[in-house]
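Here the structure is laid out as structure tokens; the discussion comes afterwards.
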Amino acid sequence: MRRLLSGDTSGLDPEQLSRLSGMQIDPAMMQAVMNQLRGAFSGAQDGIDWSLAERQALHIANQDGLGVSSGQRTDLDQAFSLAALWLGEATTISDLPRPPKAVTRGAWVTARLPVWQELAEPVATSIADALTEALGQQAPDDMQDLIAGAGRLMRTVGGSLFATQLGHVVGRLSTEVVGGGDVGIPVMPDGDAAILPQNFADFGRDLEIPEDQLALYLATRELAHARLFRHARWLRLHVISQVREFAHGIRVDTDALEEMASRFDPSQPDELRSALESGALLPQRSEEQTAALTRLENLLATIEGWVDVVTEDATSRLPSAARIAEAVRRRRAVGGPAEQALGSLVGLELRPRRMREAAAMWRAVTDAVGVAGRDALWDYPDLMPSAEDVDDPAGLIARLTAASRGESAPSDAMDDALAQLIAEETAAEQDADSNGEEPDATRSGDDDDDDATPGDHRPV
């Protein structure tokens with residue numbers, strides 16, 4: 001600690017530090033961490049260096065060294081072309097402006113990492129703050145003067161450790177996802193759709209389903225997801241803002257951090273990684289966080305339910321469509337090891353529990369008002385079905401069918417309350433008129449208005 005805080009890092013072996021971190025980082029990566037520490041000592045760097053996360057993620061994603069073969073690209077291009085034609089019959093939402101593509105794991109990391117950084121930054125900041133606070137509280141008295149100016153250093157150390165661990169998890173995630181819409185949130189650039197051929201082969205290995213049918217189904221689902229987010233341009237910001245609302249409430253459990261430090265055994269470095277990935281440093285959610293997570297789960301379930309229904313209708317010609325759909329739902333409900341680690345790392349669970357209920361709601365809406373009426377609900381944020389509509393689709397269907405006939409929608413509790421408020425206001429105005437008093441809203445308060453006459457009730 002004394003050598004670190006004095007800026008003397010010349011005698012520290014990156015390979016030993018890699019083993020100590022327990023994060024399976026190669027010596028070259030740890031050398032990059034040491035270079036950042038030297039920059040922190042010299043005052044050349046400030047904040048979290050997210051390039052560490054990108055380098056670590058790319059190191060894992062590119063380990064197999066495999067690219068996309070011309071045969072894989074041709075097969076997926078044909079699947080995407082046919083899927084686009086089928087979707088034209090299943091939804092009124094238009095096609096994408098750019099053709100979908102087959103991408104490598106490394107390309108997936110490069111395009112999606114900025115979103116993960118945005119979501120993880122509040123947690124990284126909390127960990128850096130907790131390390132700074134713990135250092136000041138736990139350091140011996142004879143070191144207080146030494147650490148007085150080390151706050152910036154500890155923030156850099158904590159941020160670097162978290163960024164490297166985030167890169168490790170995202171790199172592992174790139175070996176699991178099949179398409180851009182796999183994780184629910186919009187990590188793809190707007191209007192883009194992609195499939196990872198390496199992971200596609202792993203997904204279908206034990207399903208005993210013809211590969212061409214599997215490619216068609218997954219291509220259709222990926223295009224439906226990308227079309228929705230491009231059509232409802234407000235939806236991407238809506239989802240990201242909900243995630244931010246949850247993430248900004250995250251705080252690190254300093255007691256758990258101190259307890260882990262007190263019993264940390266350098267001979268068992270995996271404990272550090274396990275603590276980060278298990279979420280042991282994140283305390284129980286607050287009521288505000290729980291409410292924010294519930295809203296996010298309902299939103300993601302509504303999106304996934306629509307994608308499920310549209311994909312089911314578009315792939316009705318596929319003999320194995322039902323089997324593939326069930327396999328996708330199981331995979332979507334459980335998630336892979338890397339996604340579970342990501343959820344623990346940032347405290348965010350991206351597995352909505354109400355997907356089946358949301359899909360049933362969208363199916364009932366489709367049967368009642370047709371494809372165009374269903375898809376029109378994505379035109380504006382205030383038209384999108386609510387959590388109450390997922391619980392009871394009958395009310396939503398009644399409103400939509402009444403509107404399609406040009407009738408007024410059946411009143412609900414809010415309508416009744418608004419009608420009562422208007423009635424009370426009208427009664428108050430009538431009482432004022434009967435007493436010879438002029439209501440405030442009709443009094444002339446402008447002495448310069450020459451056209452004003454007594455009893456003038458023009459709108460104010």
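Residue numbers start at 1 and run along the sequence shown.
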| Listed partners of D202 passing salt bridge (Lys or Arg N to Asp or Glu O under 4.0 Å), at least two apart | R105, R205
| field | side chain to side chain contact (heavy atoms under 4.5 Å, CB included) evaluation trace for V239 with W234 | value | CA-CA 9 Å; V239 174; W234 53 269; over 6 Å; no
| task | Could you tell me whether the side chain of L218 reaches within less than 4.5 Å of the side chain of V328, counting heavy atoms only? | result | yes
| Do I60 and H168 pass the side chain to side chain contact (heavy atoms under 4.5 Å, CB included) test, and can you show the C-alpha distance, the side-chain angles, and the key distance before you say yes or no? | CA-CA 7 Å; I60 296 175; H168 181 77; 3.3 Å; yes
| Shortest non-hydrogen contact from A90 toward V371 | O-CG1, 3.5 Å
| So do the side chains of L377 and L400 get within less than 4.5 Å of each other, counting heavy atoms only? | yes
| field | Separation of L293 CG from L300 CG (nearest 0.5 Å) | value | 9.0 Å
| said: Restricting to non-hydrogen atoms, name the atom on A314 and the atom on L87 that form the minimum distance, rounded to 0.1 Å. | reply: CB-CD2, 4.0 Å
| What heavy-atom pair brings A83 and T220 nearest, and what distance separates the two atoms? | CB-OG1, 3.2 Å
| query | How many angstroms lie between CD1 in I397 and CG in D367, if you round to the nearest 0.5 Å? | reply | 8.0 Å
| remark: CD of Q63 to CG of L58, rounded to nearest 0.5 Å, is 11.5 Å
| field | Donor-acceptor under 3.5 Å (D192 side chain, A226 main chain) | value | no
| remark: Here the pair of heavy atoms bringing A194 nearest to F80 is C-CZ, 4.4 Å
| Got W306 and I93 here, is their nearest side-chain heavy-atom distance under 4.5 Å? | yes
| task | Can you measure from CE (M361) to OG1 (T366) and round to the nearest 0.5 angstrom? | result | 9.5 Å
| said: Would you say that P100 contacts L223 through its side chain, given a criterion of any heavy-atom pair below 4.5 Å between the two side chains? | reply: yes
| request: With sequence neighbours left out, write down each residue that passes side-chain contact (heavy atoms from CB on, under 4.5 Å) with T426, or none if nothing qualifies. | output: I422, Q430
| So, are E89 and R317 salt-bridged, with charged N and O less than 4.0 Å apart? | yes
| task | Compare all side-chain heavy atoms of L207 with those of I324 and state whether any distance is below 4.5 angstrom. | result | no
| task | Give the minimum heavy-atom separation between A321 and T315, together with the two atoms involved. | result | CB-O, 3.4 Å
| said: Tell me every residue that passes side chain to side chain donor-acceptor pair (under 3.5 Å) with D391, counting only those two or more places apart in sequence or in another chain. | reply: R354
| message | Could you report the tightest heavy-atom contact between G106 and N62, atom names first, then the distance? | response | CA-OD1, 3.5 Å
| task | Could you tell me which residues satisfy salt bridge (Lys or Arg N to Asp or Glu O under 4.0 Å) with E312, sequence neighbours excluded, listed by chain and number? | result | R363
| field | Within-4.5 Å side-chain heavy-atom neighbours: L216 and D212 | value | no
| Heavy atoms of other groups near E287 CD, more than 12 under 6.0 Å | no
| task | Return the set of residues passing side chain to side chain donor-acceptor pair (under 3.5 Å) with E54 (not counting sequence neighbours), or none when no residue passes. | result | none
| task | Using a 4.5 Å cut-off on heavy atoms from C-beta on, say whether the side chain of D313 contacts that of T91. | result | no
| Derivation and outcome, side chain to side chain contact (heavy atoms under 4.5 Å, CB included), residues L396 and V390 | CA-CA 9 Å; L396 172 63; V390 174; over 6 Å; no
| message | For the backbone of G171 and the side chain of S174, can you confirm whether one donor and one acceptor N or O come within less than 3.5 Å of each other? | response | yes
| note | Those residues at least two apart in sequence (or on a different chain) that pass salt bridge (Lys or Arg N to Asp or Glu O under 4.0 Å) with R323 are none
| request: Count the heavy atoms belonging to other residues, nucleotides or ligands that lie under 6.0 Å from CD of E424, then report whether that count exceeds 12. | output: yes
| task | Sort and list the pairs that fulfil salt bridge (Lys or Arg N to Asp or Glu O under 4.0 Å) and have at least one residue in residues 371-389, not counting sequence neighbours. | result | D389-R399
| message | Using 0.5 Å steps for rounding, measure from the CG atom of L113 to the CZ atom of R55. | response | 11.5 Å
| message | Holding to side chain to side chain donor-acceptor pair (under 3.5 Å), I want the full list of residues that pass it with Q213, two or more places apart in sequence or in another chain. | response | S320
| field | Ring geometry between W108 and W116 (parallel below 30°, tilted from 30 to 60°, perpendicular above 60°) | value | tilted
| field | Qualifying salt bridge (Lys or Arg N to Asp or Glu O under 4.0 Å) pairs with a residue from residues 223-240, counting only residues at least two apart or across chains | value | D95-R227, D190-R233
| Quick check: does any side chain N or O of D182 sit under 3.5 Å from a backbone N or O of V177, one acting as donor and the other as acceptor? | no
| said: Just so I know, are the side chains of L228 and I303 near enough to count as touching, which here means a heavy-atom distance under 4.5 Å? | reply: yes
| said: The criterion is salt bridge (Lys or Arg N to Asp or Glu O under 4.0 Å); which residues satisfy it with D77, sequence neighbours excluded? | reply: none
| request: Sequence neighbours left out, what passes side chain to side chain donor-acceptor pair (under 3.5 Å) with R73? Give chain and number order. | output: none
| query | Does any N or O in the side chain of Q198 come within less than 3.5 Å of the main-chain N or O of T104, such that one atom is a donor and the other an acceptor? | reply | no
| The single option from R329, R356, M355 passing side chain to side chain contact (heavy atoms under 4.5 Å, CB included) against E304 | M355
| Partner set under ring-ring contact (aromatic ring centres under 6.0 Å, His included) for F229, not counting sequence neighbours | H225
| field | L421 side, atom CG; E425 side, atom CD - distance, nearest 0.5 Å | value | 7.0 Å
